[in-house]
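Okay, structure first, notes after.
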Amino acid sequence: GGCGANAAHPNWACLEARFVCKGAKDEYDFSCVDSIYSALLVANAGGTVTYEQGSNVSTGSPVRLQAAADAVAAADATVLVMGDVWADEQEGRDRTNISLSSPQLELFAAVRKAAAAKPVIVVLVHGGCLDLTPLASASAIMDAFIPGQFGAAAVAKALFGDTNSF
């Protein structure tokens with residue numbers, strides 16, 4: 001299963017890295033950029049990939065925490081996509097905090113609990129430093145940074161063992 005506010009939206013897949021598929025200079029269209037969720041669907045052809053948003057990236061409370069926990073409990077493994085919004089990761093914007101947002105941390109705790117002993121792989125999509133201490137119980141952490149136009153496919157290929165840069 002896959003969940004997290006960053007998983008299904010192409011804007012988050014490339015962290016709004018200013019890639020323009022078409023449109024005017026200040027108009028951003030991400031319709032040609034795959035999301036991590038869509039790349040997982042391709043990589044797991046013939047298998048089942050379930051998506052639940054679970055939480056917003058930076059504001060509010062987890063929106064579908066129970067639905068995410070239920071999806072995780074039914075899955076063999078979970079890919080949880082977390083990170084920051086591009087508005088917090090650009091020139092002229094200094095952060096005073098390197099923690100993941102409260103909604104995302106609540107989602108991680110719920111996912112970890114629902115997964116029991118099953119793997120929870122966290123994929124981080126961000127541009128700056130993050131405190132990973134609250135994620136210590138993750139089975140694995142993949143740092144995708146700002147993955148760009150083909151980043152979703154690269155993340156999926158690495159998760160499924162189709163590529164290894166080490």
Side-chain angles (χ1 to χ4, degrees), residues 1-19 28-31 33-41 49-75 77-116 118-156 158-159:
C3 56
N6 285 351
H9 203 287
N11 291 31
W12 301 122
C14 64
L15 203 61
E16 297 197 54
R18 303 290 200 262
F19 178 79
Y28 303 112
D29 175 5
F30 296 93
S31 62
V33 179
D34 286 337
S35 68
I36 292 174
Y37 170 64
S38 64
L40 290 173
L41 287 171
V49 177
T50 304
Y51 167 77
E52 284 295 339
Q53 179 176 342
S55 78
N56 293 312
V57 175
S58 59
T59 59
S61 60
V63 291
R64 294 185 46 86
L65 201 56
Q66 189 57 53
D70 292 345
V72 167
T78 298
V79 175
L80 180 59
V81 183
M82 304 171 74
D84 275 331
V85 295
W86 74 269
D88 294 334
E89 302 286 357
Q90 61 183 336
E91 294 296 324
R93 299 284 310 247
D94 293 331
R95 292 187 299 154
T96 59
N97 184 332
I98 62 170
S99 298
L100 288 162
S101 67
S102 294
Q104 290 185 91
L105 293 176
E106 289 177 49
L107 176 62
F108 175 76
V111 163
R112 182 69 266 176
K113 181 178 179 183
K118 295 183 279 187
V120 174
I121 300 104
V122 174
V123 176
L124 295 172
V125 179
H126 64 102
C129 297
L130 289 174
D131 176 8
L132 304 183
T133 307
L135 307 178
S137 64
S139 305
I141 298 174
M142 174 187 281
D143 202 337
F145 294 102
I146 299 176
Q149 176 180 358
F150 299 106
V155 165
L159 289 173

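Quick note: numbers below take in every heavy atom, side chains included, and nothing from hydrogens, waters or symmetry partners. Count residues from 1 along the sequence. The structure presented is a predicted model; accordingly, all values stated were derived computationally and were not measured.
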Looking only at non-hydrogen atoms, find the nearest pair between [X] and [Y] and report the distance.
| X | Y | result |
| --- | --- | --- |
| Tyr37 | Thr50 | CE1-C, 4.4 Å |
| Lys118 | Val72 | NZ-O, 3.5 Å |
| His126 | Asp143 | NE2-OD1, 2.7 Å |
| Glu52 | Ala71 | CG-CB, 3.9 Å |
| Ile98 | Cys129 | CB-O, 3.6 Å |
| Ala152 | Ala39 | O-CB, 3.3 Å |

Practice problem: Pick out which of Asp131, Leu135, Leu107 makes a side-chain contact (heavy atoms from CB on, under 4.5 Å) with Leu100. | Solution: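 Filter result, single survivor: Leu135.
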
Quiz prompt | Among Leu40, Val125, Leu124, Val155, the one residue meeting side-chain contact (heavy atoms from CB on, under 4.5 Å) with Val81 | solution =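 Exactly one candidate clears the test, Val125.
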
Between atom [atom1] of [X] and atom [atom2] of [Y], what is the distance when rounded to the nearest 0.5 Å?
| X | Y | atom1 | atom2 | value |
| --- | --- | --- | --- | --- |
| Ser99 | Leu130 | OG | CG | 8.5 Å |
| Ser38 | Tyr51 | OG | OH | 11.5 Å |
| Ile36 | Met142 | CD1 | CE | 9.0 Å |

Are the side chain of [X] and the backbone N or O of [Y] linked by a donor-acceptor pair below 3.5 Å?
| X | Y | result |
| --- | --- | --- |
| Gln104 | Gly83 | yes |
| Arg112 | Ala138 | no |
| Thr78 | Val120 | no |

Quiz item: Could you walk me through whether Met82 and Val123 pass the side chain to side chain contact (heavy atoms under 4.5 Å, CB included) check?
Solution: CA-CA 6 Å; Met82 304 171 74; Val123 176; over 6 Å; no

